Amino acid sequence: MEIRWLEAFIAVAEELHFGRAAARLRLAQSPLSQTIRKLEKELDATLFDRSTRSVALTPAGQAFLPHAHRVFEELELAQQATRATSGVVYGTVAIGFSGALNHLTLPPLTRAVRQRYPNISLSLTGRVMTRGGVEQLEQGGLDIAFVGLPIDPSPVRTRRVGREPLGAALPIDHPLAGEAAIDLADLAEDGFITIPAAAGSSLQELTTQACVKAGFRPRVVQEITDPYMILTLVSAGVGVALMPAGISGIMPSASVFVPLRGEQTHMEHALAWLDDNPSPVTRAVLELAEEVLPRPAD
């Protein structure tokens, strides 16, 4: 079995189209088909159901795919380990983040990585909520994730990198938009824009907790997973939202951020990773993160 056979299999499995897979590999379609047949003969199994209109993985192909991926992951780790012995840090780190909520933490880290380790490639995935980030870390889809604390019991490790009080994002024509600070209870009759509960977002959970603590349950009028789109809908007058204070610097036009009076609810930002991730590149990025994203004061 040859590495190029596995590469061809992965391309077809991901594209589910021999023409697109051939273009991705810069091959003619006929040699690609021959390579897949050689692999199937070697495994004594049919990996794809083929028809004139579609390509689909067979049960054998579905079972083989994660192992094929793992071969390339191990090759990448071997390359990283070899280069690390010469003092050169080289490889790819997959980082998940939610979006606007990380605008104070993600940019300092990515800038520092590019300056310190120009041979590290960052694969950045947005709209990753806390629960999804933890799951992708556990499954190997991410190396590092920005999450909100606390997280559910997990082998994932976390380190706090930010702490912000929640405040109110209001349309500019809201009756309380001009106030220096407000009580959260003043918004009891307003419609709220939140991240869906099913998305597993710390911000959504904190919003509900803060409102209940203020004596009411938020009346949700719109749910959307992108935090910045929540702000956009606030500026459009769809409703109000609770956001961490750091968001005040990137509010869209026609919206304002108003601090809350009284007992504060804080959003705790953290980096998350798996301790048993063997990648020296991931370790290098985590060590650098300790420099540029120190633990905030309580």
Side-chain angles (χ1 to χ4, degrees), residues 97-108 126-133 146-151 160-270 296-298:
F97 64 102
S98 65
L101 298 180
N102 307 117
H103 83 282
L104 295 178
T105 49
L106 177 66
R127 297 187 184 180
V128 176
M129 302 295 115
T130 293
R131 187 189 305 151
F146 285 86
V147 300
L149 296 177
I151 64 172
R160 188 154 58 97
V161 297
R163 187 172 192 265
E164 302 175 81
L166 295 187
L170 306 177
I172 200 167
D173 57 354
H174 191 281
L176 300 175
E179 298 294 323
I182 62 173
D183 293 318
L184 180 52
D186 295 336
L187 302 178
E189 300 303 318
D190 284 89
F192 278 72
I193 307 169
T194 69
I195 295 171
S201 162
S202 293
L203 178 60
Q204 185 275 333
E205 294 175 1
L206 288 172
T207 294
T208 301
Q209 292 171 13
C211 292
V212 170
K213 193 186 303 181
F216 70 97
R217 293 197 66 85
R219 178 173 59 85
V220 177
V221 295
Q222 183 69 51
E223 294 181 322
I224 192 164
T225 54
D226 186 331
Y228 196 78
M229 281 304 300
I230 290 178
L231 298 178
T232 301
L233 294 179
V234 168
S235 70
V238 174
V240 303
L242 294 189
M243 284 284 171
I247 220 79
S248 61
I250 58 169
M251 295 292 292
S253 60
S255 65
V256 296
F257 181 87
V258 181
L260 298 175
R261 287 192 290 259
E263 183 180 355
Q264 298 293 307
T265 297
H266 289 85
M267 184 164 190
E268 309 272 359
H269 302 276
D298 291 327

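These numbers were taken from a predicted model, which means no experiment stands behind them.
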Notebook entry, point to check: Is a side-chain donor or acceptor of Gln222 paired with a backbone partner of Val220 at a separation under 3.5 angstrom?
Noted result: no
Check: Just by distance, do the side chain of His174 and the backbone of Val256 share a donor-acceptor pair under 3.5 Å?
Finding: no
Any pair with a residue in [range] that passes salt bridge (Lys or Arg N to Asp or Glu O under 4.0 Å), sequence neighbours left out, goes on the list, sorted by first then second residue, please.
range            : value
residues 184-197 : none
residues 222-237 : Arg127-Asp226
residues 160-176 : Arg160-Glu268, Arg160-Asp298, Arg163-Glu268

Nearest heavy-atom pair of [X] and [Y]: which atoms, and what distance?
X      : Y      : value
Gly167 : Phe257 : CA-CZ, 3.4 Å
Ala169 : Met243 : CB-CG, 4.4 Å
Ala181 : Arg261 : O-NH1, 2.7 Å
Val234 : Ser255 : CG1-CB, 4.2 Å
Ala214 : Ala185 : O-CB, 3.8 Å
Pro218 : Cys211 : CD-CB, 3.6 Å

Check: Can Val258 and Leu176 be said to form a side-chain contact (heavy atoms from CB on, under 4.5 Å), step by step?
Finding: CA-CA 8 Å; Val258 181; Leu176 300 175; over 6 Å; no
Inter-residue atom distance [X].[atom1] - [Y].[atom2], 0.5 Å rounding:
X      : Y      : atom1 : atom2 : result
Leu101 : Ile195 : CG    : CD1   : 6.0 Å
Lys213 : Leu184 : NZ    : CG    : 9.5 Å
Leu166 : Leu203 : CG    : CG    : 6.5 Å
Leu170 : Leu187 : CG    : CG    : 6.0 Å
Phe146 : Thr130 : CZ    : OG1   : 12.0 Å
Ile224 : Met229 : CD1   : CE    : 4.5 Å

Side-chain heavy-atom pair [X], [Y] within 4.5 angstrom cut-off:
X      : Y      : result
Pro171 : Val240 : yes
Asp183 : Leu260 : no
Phe192 : Leu242 : yes

Notebook entry, point to check: Quick one: do the Thr194 and Thr207 side chains pair a donor with an acceptor below 3.5 Å?
Noted result: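 Result is no, nothing qualifies.
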Note to self: Looking at Arg217, I'd like to know if its CZ atom is crowded, meaning that more than 12 non-hydrogen atoms belonging to other residues, nucleotides or ligands lie closer than 6.0 Å.
What the structure shows: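 Not buried by this count: 12 neighbours or fewer within 6.0 Å.
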Notebook entry, point to check: Checking side-chain contact (heavy atoms from CB on, under 4.5 Å) for the pair Arg131/Val147: CA distance, chi angles, key distance, verdict?
Noted result: CA-CA 8 Å; Arg131 187 189 305 151; Val147 300; over 6 Å; no
